[in-house]
Amino acid sequence: MKGKAALLREPGAALSIEEVEFRELASDEILVKIAGVGVCHTDLTAQSGGVPLPLPVVLGHEGAGVIHAVGSSVETLSVGDHVVLSFDSCRECPNCLAGHPAYCELFAALNYFGTRLDGTATMSSGSEDVHGSWFGQSSFGAYAVASVRNAVKVDDDLPLDILGPLGCGLMTGAGTVFNVLRPAAGQSIGVFGLGAVGLSAVMAAKAAGCTTIIAVDLNPERLKLATELGATHVIDPARTKDVNWAITEITGTGLDFTVDAVGLGSVVRQAVEALRSPGVCATLGLQGLENEMTIDQGHLLIGRTLTGVIEGDADPHELLPKLIELWRKGDFPFDRLIERRPFEEINEAIASAHSGQVIKPVLVFDPRRT
């Protein structure tokens, strides 16, 4: 079958909306009619050439929609099911079996190569291969090919068009708090960078019972929103002579945990230095696959830990239902981060994400389309 998709044909170029043909599904695959798809910073990094991909390629990895067709061996999902798509994993390697699918031994091949494991592409344009399988989905289009492994079934009464970001950005921030840092009620946390990932960490920290939540960002509007979402203190580095001294004045001893959602070396260093001893900093921000930074060993020898985290070290099949339940209770109001735009305005939405004007643009499709 055919459908519209946004193709990247040259690194750094705007995406072009073209008609593509979806090839026959593999036995374990599903075809999802996309209701909405978020724009993630990782998509922007790939578009700029920061992630090497075969071209042309369809990006997009925060999709949600309705299953349109299933492969011959699919038994746990059916046509008509509402699903949120996340990253793909083999579900069979030691890391997957231990509950850490974000560190799947086949993660790169399943999510970054632009093809299925057998090297075939899921889409074409005339005689030309159109590469997909970006995070196991490539959902910048009317339809996306995914698998039973990375599709999470959700209730039909949920606002399907805005659920896609739960599959990556929101899961990354919240999962880092719930799965990696695991603060106890009453502990303290600092979040550096208040995009969708950072603000998700703020909301998760509040849900976890942290009593001191310090949000750090240069954008006054985001600092205001962070306060509304659970931050107890906010710091604007442009208006603060010494950020870490300000944190020490608030906490007395430094923070139990910090989250870097920026990825710049200077910010990571600051997040480590803001810790008490011992304390843990999780770095999440992606600035490209090569991003050298320097940390003084002395800051680690006193018991501080710096750890990198992918996808919140989450199993989407476990964390997404938890986040949805928290949202139903009013404890994870992720919808406040989202601005809907028609799919046809994809390049404008990407520009709004680049500029920081919008925290989480979500591209939506007319639900009445055939």
Side-chain angles (χ1 to χ4, degrees), residues 5-8 15 20 22 29-48 50-65 83-89 101-102 104 106-116 121-123 130-152 154 160-175 195-197 200 284-286 289 309-312 314-317 319-320 323 334 337-338 343 346 349-350 353 360-365:
L7 275 64
L8 175 68
L15 305 184
V20 299
F22 293 88
E29 290 178 336
I30 59 175
L31 183 67
V32 179
K33 185 179 181 180
I34 297 297
V37 52
V39 176
C40 179
H41 179 72
T42 309
D43 293 315
L44 308 186
T45 302
Q47 182 187 11
S48 68
V51 179
L53 288 167
L55 302 176
V57 66
V58 176
L59 300 172
H61 63 285
E62 292 185 339
V83 292
V84 175
L85 304 179
S86 190
F87 63 88
D88 201 1
S89 58
C104 173
L106 294 178
F107 191 93
L110 289 168
N111 294 282
Y112 297 150
F113 286 7
T115 64
R116 300 179 174 107
T122 56
M123 295 169 283
V130 174
H131 297 91
S133 304
W134 172 243
F135 281 80
Q137 53 181 287
S138 287
S139 47
F140 278 171
Y143 294 86
V145 176
S147 81
V148 294
R149 298 183 301 271
N150 66 314
V152 180
V154 296
L160 186 61
D161 62 335
I162 65 168
L163 296 186
L166 290 173
C168 185
L170 307 185
M171 179 177 68
T172 296
V197 172
S200 296
L284 319 178
L286 174 66
L289 297 182
V309 184
I310 295 176
E311 300 288 358
D315 183 338
H317 293 271
L319 184 57
L320 265 62
L323 297 181
F334 70 89
L337 312 183
I338 287 172
F343 174 69
I346 186 168
I350 288 172
K360 177 57 67 174
V362 172
L363 304 162
V364 298
F365 290 84

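Along the sequence shown, residues are numbered consecutively beginning with 1. These numbers come from a predicted model, not from an experiment.
Side-chain atoms of Q137 never come within 3.5 Å of backbone atoms of A146 as a donor-acceptor pair (strictly under, hydrogens ignored). In this structure, the side chain of S138 engages the main chain of V58 through a donor-acceptor pair within 3.5 Å. The main-chain N or O of A142 is never found under 3.5 Å from a side-chain atom of K33 such that the two would form a donor-acceptor pair.
Pairing each heavy atom of G114 with each of P54, the nearest pair is CA-CG, 4.3 Å. Across all their heavy atoms, T122 and G132 have their closest contact at OG1-CA, 4.1 Å. Closest of all the heavy-atom pairs between A196 and S200 is O-OG, 2.7 Å. The nearest pair of heavy atoms linking A151 to I30 is CB-CD1, 3.6 Å. The two residues A353 and L44 make their nearest non-hydrogen contact at CB-CD1, 4.1 Å. H61 and C168 get closest at one heavy-atom pair: NE2-SG, 3.3 Å.
To the nearest 0.5 Å, atoms CG (L320) and CG (D315) are separated by 9.5 Å. Considering CG of L110 and CZ of R116, their distance stands at 12.5 Å, rounded to 0.5 Å. Atom CD1 of I338 and atom CG of L170 lie 6.5 Å apart (nearest 0.5 Å). For the atom pair CG (D43) and CD (E62), the distance works out to 7.0 Å, reported to the nearest 0.5 Å. Remark: T42 OG1 to F135 CZ distance equals 5.0 Å, nearest 0.5 Å. In this structure, the separation between CG on L55 and NE2 on H131 is 8.0 Å, given to the nearest 0.5 Å.
Residue pairs satisfying the salt bridge (charged side-chain N to carboxylate O under 4.0 Å, His left out) criterion with at least one member in residues 130-152, sequence neighbours excluded, are listed as follows: D28-R149, D88-R149.
A heavy-atom distance below 4.5 Å is not found between the side chains of L8 and F140. Side-chain contact between L166 and M171 is absent, with no heavy atoms from C-beta onward closer than 4.5 Å.
Among the candidates L363, V145, V37, the single residue satisfying the side-chain contact (heavy atoms from CB on, under 4.5 Å) test with S139 is V37.
S86 meets the side-chain hydrogen bond (donor to acceptor under 3.5 Å, both in side chains) test with no other residue; sequence neighbours excluded. For V197, the side-chain contact (heavy atoms from CB on, under 4.5 Å) partners are T172, A261, L284, not counting sequence neighbours. Applying the side-chain contact (heavy atoms from CB on, under 4.5 Å) rule to A174 yields the partners F178, A204, L323, F332; only residues at least two apart in sequence or on another chain are considered. A search for side-chain contact (heavy atoms from CB on, under 4.5 Å) contacts involving V154 returns H82, V84, L158, L160, L163, I324, not counting sequence neighbours. For F107, the ring-ring contact (aromatic ring centres under 6.0 Å, His included) criterion is met by F87, Y112, not counting sequence neighbours. Residues passing the side-chain contact (heavy atoms from CB on, under 4.5 Å) test with A46 are V51, L53, L59, W134, sequence neighbours excluded. With sequence neighbours left out, the side-chain hydrogen bond (donor to acceptor under 3.5 Å, both in side chains) criterion links S147 to N150. With sequence neighbours left out, the salt bridge (Lys or Arg N to Asp or Glu O under 4.0 Å) criterion links E311 to no other residue. Qualifying side-chain hydrogen bond (donor to acceptor under 3.5 Å, both in side chains) partners for N111, counting only residues two or more places apart in sequence or in other chains: none.
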